[in-house]
Amino acid sequence: MRRSRAFIPTTKEAPSDASLASHIYLSRAGFISQVASGLYSYMPLAKRVIKKIENIINEEMAKAGAEEVELSFVTPAALWQESGRIEKFGKELLRFRDRKENLFVLGPTHEEMMVDMVRNRITSYKQLPINLYQIKTKFRDEARPRFGLMRGREFIMKDGYSFHASIADMDREFDAMETAYKKILTRLGLDFRIVEADSGAIGGSGSKELMVLAGSGEDTIAVCSKCEYGANVEAAKRSGRVSIPEAPVAEFNKFKTPDIKTIEDLENFFKVDGYYTMKCVAKRAVYEEDSEIVLFFIRGCDTLQEVKAQNATGALDIVDVSEEELCELGLIAGFIGPLEQDKAKHVIDIDLKDAKNMICGANEEDYHFVNVDMSVLGQAYFADIAAVNEGDSCPYCSGKLSFTKGIEVGHIFKLGTTYSSTLKAEFLDENGKAQPFVMGTYGMGVSRLVAAVIEQHHDEDGCIWTKETAPYMVNIMISNIKETAQVSLGEELYEKLQARHVEVMIDDRKERFGFKMKDAELIGFPYTIVIGKELENGLVQIFDRKTKESVSVNKDEVFDEIMRLL
RNA sequence: CGGGGUGUAGCUCAGUAUGGUUAGAGUACCUGGUUUGGGACCAGGGGGCCGAAGGUUCGAGUCCUUUCACCCCGACCA
C-alpha cells in the first residue's frame, strides 16, 4: 500500500476521554473510530489486524478439527424464552420487533442458536462428537461500556460449541480446546495465564479463563509462586495461611466487651490477631421468587468474596442489608456469632471448620464469646466464601499466592447438558435411549485481543505490533521524495517485497523525515526501512520498532536482510 | 441503575462567575515560497446552527427550563 493513498488518519492528540494505552494509540494511529458509546468502526489498519487474528484462530481451529459456521446475528426471542435466558440476560439483550411485530434480539452469544441448528439434525451417538464455531459480531447492551475496544457493546467474538455423547468426551474436547487456545495466544505473541474461573450464571461443571497479563486488566487473578495454579479471585482457592499466628490462651467464656464492635476493636481489646476473631457479614440473598437474610461467618482477617457467597447460597443476587433489618430479626450488629443462634441462615467459611481459640459475638449487646471451638458446630453449613489474600498458601503446593491483573480474552466452559436439556436437544445412545447432548462452549474475544496486544506491546511513542498481528510488516520510508535515487530504490524494494507477499507500506508522502518517523512509530510497523541521506554512501537503515535500534545495511543487501528478519 | 462531570472549528481546548464588536487559540486542512534525519518556518486562506428545543431580554455561547449525547466512579458484566 502507498501511504499517500492510504486512509490512516493519525493525530497528535488523543481523544480526551481515552485513558488506556490501547484506546489512546488505536485512536491516534487511525485504527478505530468511535461512533457512539461502546460502538467503534474499524478503519483499514484495524481491519487488517482483525483479519490476521481471525486467520490464526481459523488455522488452529482447523487443526483441532472444528468447523466454521455462521449463525444469524438477529435471533428470534422465542429461542431465548425457551432457554429462559431472556430474563437472565435482562437489559443486556437488545430487543426489537420486525414489521410483523415479532420480537427479536441481537445475539450476545449463541448457545441457543447453535443448539437449535444441531438439534434434530444430529440424532445418533454415531454422529458425535462435533465442534462448530463462528467468528462474528456480538451485541451486549452493557450498562457501562468503557476502555475503547476492551469493553464495547458491539464486539467481535469467536464462539465455539461442541456436542458429545459423554462427559468424558466433553472433558477430552475441553482439554483440546484449551491447548488450541494456548497456541493461538502464543502465536499472537501474548503473555498469558490460564486460570480457574467462576462459571457464573451459565453454569456447568467447570470453566477456565484465558488471561492476558496486563496492569490495566479488569480482572484480578491469584497465581502461585511455585506451581501452575492460577485462578480468578472470584474462584481462587487456598489451603489456609502460610504462617499462623500464636493462639490466644483462655477458657471458654462469655466476656463483657462494651462497645467493641469492629474486628480492629476486638484485636486491640483482647490483644489478639484478627485470625482468631470471627466476623459476620450479613447479606440478603435474592432468589427468583423470594429473598432471605444470610449470615456469612469468616475470620476477622478475611474478606467475603461475594461471588463465592452467591454461589454458596444459590441466589441470583446478594445485596447489602441495613442494621434495622438485622434488628428486626433480633440481631445486634457487631455482636453476631454463630453459636446459640438460628435467627437467619448461616454460611460459615470452610477455613473455620474445626477452628479453635476463636472469639465471636455472643448475640448479646456488649458481649463476645472467647475460646470458641468451632467443632461443636458439627452439622453447620460450611462453604468456601472468603476471598483469598496475597500470601495465602496455594491449594496444590507449598507456594504462596500473589495477585496480578489480567484481561479476560477467552473463557471455556464445560457446559454439560444445561442447554441441551432445556432446549430438548437429544440423540439416541447405543441402547436406543434419548439423551441430551453433553456440551462444551469456547469463547474468545477477537476485538478485545486487538486491544490486549497493544496493552502488552506499546511504549510512549505508540503501538508495537507483534509479527503475527502487524497490519503491515515493513514500512519503506523515503526520507525526501525529491531525491530520485531514494524514490527509485524505495519503489524497487516495494515491488520486490510485494512479489514475495510481504505486507509492505511505502511512505511516499511529501513530508519531512521526523514527521514520517513519528508516524511510523505511532502506527507500530515492526520494521521500517529508512532510505535517506546515507544512500549517498550506498547505505540504508533498518529500524526495529521494538528495540528502536537502527542498523545500516548496504542498499544491495537490504532486501535479503529484511527477508531474513521476517 | 445510583453518584459526579462535560458538550464551542476535523482534533485538543479558551471564552460562560458579572449577557453587549464580526466567537478565539493551538493543531489539522488549502495556496505560494523557503526548508529536508526526529511531528519545520514565513505569508495568505477556507472552515462554527457555541449539543438540541423552548423561555427571559433591546440583545444570549454566557441567565432559566426541558431534553439528548458522551465521559468518569460505583453496581453490573454468558
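Both backbone and side-chain heavy atoms feed into the values below; hydrogens, waters and symmetry mates do not. The chains referred to below are lettered A, B, ... by the order of the sequence lines, with proteins before strands, and numbering in each begins at 1.
For A:K12 and B:rG39, the shortest distance from a side-chain N or O to OP1 or OP2 is not below 4.0 Å. Regarding contacts with the backbone of B:rC71, a side-chain N or O of A:Q34 is found under 4.0 angstrom from either OP1 or OP2. Taking only side-chain nitrogens and oxygens, A:S19 never comes nearer than 4.0 Å to OP1 or OP2 of B:rC72.
Using a cut-off of 4.0 Å between Lys/Arg side-chain N and Asp/Glu carboxylate O, A:R2 and A:E491 are scored as salt-bridged.
Rounded to whole angstrom, the span from the CG atom of A:D461 across to the P atom of B:rG38 amounts to 14 Å. Rounded to whole angstrom, the span from the CZ atom of A:R284 across to the P atom of B:rA75 amounts to 20 Å. Between A:D508 atom CG and B:rU36 atom C1' the separation is 16 Å, expressed in whole Å. Between A:I318 atom CD1 and B:rA75 atom P there is a gap of 13 Å when expressed in whole angstrom units. Atom pair A:D320:CG and B:rG2:P shows a separation of 17 Å (rounding to whole Å applied). Between A:K91 atom NZ and B:rA75 atom P the separation is 18 Å, expressed in whole Å. Regarding A:H23, its NE2 atom lies at a distance of 14 Å from the P atom of B:rC11, rounded to whole Å. The CG atom of A:D519 sits 18 Å away from the P atom of B:rU27 (whole-angstrom rounding).
For A:A36, the listed nucleotide lying nearest its side chain is B:rC70; candidates were B:rG74, B:rU36, B:rC70. When each of B:rG39, B:rC70, B:rA75 is scored by its nearest atom to the side-chain atoms of A:R144, the top-ranked nucleotide is B:rA75. Nearest nucleotide to the A:S479 side chain, out of B:rC13, B:rG37, B:rG74: B:rG37. Comparing B:rG37, B:rA28, B:rU12 by their nearest atom to the side chain of A:F513 picks out B:rG37. Side-chain atoms of A:K510 lie closest to B:rU35 of the nucleotides B:rG37, B:rG39, B:rU35. Out of B:rA75, B:rU12, B:rG38, the shortest distance to the side chain of A:A143 is found at B:rA75. Here the side chain of A:Q541 is nearest to one of B:rG37, B:rC77, B:rG39, namely B:rG37. The side chain of A:S37 lies closest to B:rC70, out of B:rC13, B:rC70, B:rG37. Proximity note for A:E13 (side chain, C-beta onward) versus B:rC11, B:rU35, B:rG38: the nearest is B:rC11. With distances taken from any side-chain atom of A:R28 to the nucleotides B:rG39, B:rC72, B:rA40, the minimum falls on B:rG39.
With a 4.5 Å cut-off on side-chain heavy atoms, A:L39 and A:F139 count as touching. A:D508 has its side chain within reach of A:R3: a pair of non-hydrogen atoms, C-beta onward, lies under 4.5 Å apart. Here the side chains of A:Y42 and A:I50 are in contact, with some heavy-atom distance below 4.5 Å.
When each of A:P108 and A:K516 is assigned the nucleotide of RNA chain B bearing its nearest heavy atom, the one mapping closer to the 5' terminus is A:K516. Of the two residues near RNA chain B, A:Q310 and A:P15, the one whose nearest nucleotide lies more 5' is A:P15.
In this structure, A:R545 is not positioned above the aromatic face of A:F525 in the sense of NZ or CZ being under 6.0 Å from the six-membered ring centre and within 45° of the axis. In this structure, A:K414 is positioned above the aromatic face of A:F174, its NZ or CZ under 6.0 Å from the six-membered ring centre and within 45° of the axis.
No N or O donor and acceptor, one from the side chain of A:R146 and one from the base of B:rC72, sit under 3.5 Å apart. Taking only distance into account, the side chain of A:K533 never meets the base of B:rU36 through a donor-acceptor pair shorter than 3.5 Å.
In this entry B:rG59 has no Watson-Crick or G-U wobble partner, no candidate having both defining distances under 3.5 Å. For B:rU21, there is no paired nucleotide, since no Watson-Crick or G-U wobble pair has both relevant distances below 3.5 Å. Nucleotide B:rG74 forms a Watson-Crick or G-U wobble pair with B:rC1, both donor-acceptor distances falling under 3.5 Å. Pairing for B:rC41 goes to B:rG33, judged as Watson-Crick or G-U wobble with the two contacts each under 3.5 Å. As the counterpart of B:rU6, B:rA69 is assigned, both hydrogen-bonding distances of the Watson-Crick or G-U wobble pattern falling under 3.5 Å.
For the C1' atom pair drawn from B:rG15 and B:rG20, the interatomic distance equals 15 Å after rounding to whole Å. The same atom, P, is picked in B:rA14 and in B:rG51; the two are 14 Å apart, to the nearest Å. Straight-line distance between the C1' atoms of B:rG44 and B:rG38: roughly 29 Å, to the nearest whole Å. Look at the C1' atom in both B:rG47 and B:rC29: the space between them is 9 Å, to the nearest Å. B:rC68 and B:rU18: their P atoms are spaced 28 Å apart (whole Å). B:rC50 and B:rG24: their P atoms are spaced 14 Å apart (whole Å). Remark: the separation of the C1' atoms in B:rG3 and B:rU8 is 27 Å, to the nearest Å. Annotation: B:rA9 and B:rG26 have their C1' atoms spaced 12 Å apart (nearest Å).
By the 5.5 angstrom centroid cut-off and the 30-degree plane limit, A:F515 is classified as not stacked against the base of B:rG39.
Residue-level contact check: A:E534 touches the bases, meaning some heavy atom is under 4.0 Å from a base atom.
The two residues A:P145 and A:G38 have their closest heavy-atom pair at CB-CA, 3.7 Å.
A donor and an acceptor atom, one from each side chain of A:D459 and A:Y25, are nowhere located under 3.5 Å apart.
Syn is the classification of B:rA17, since its glycosidic angle stays within 90° of 0.
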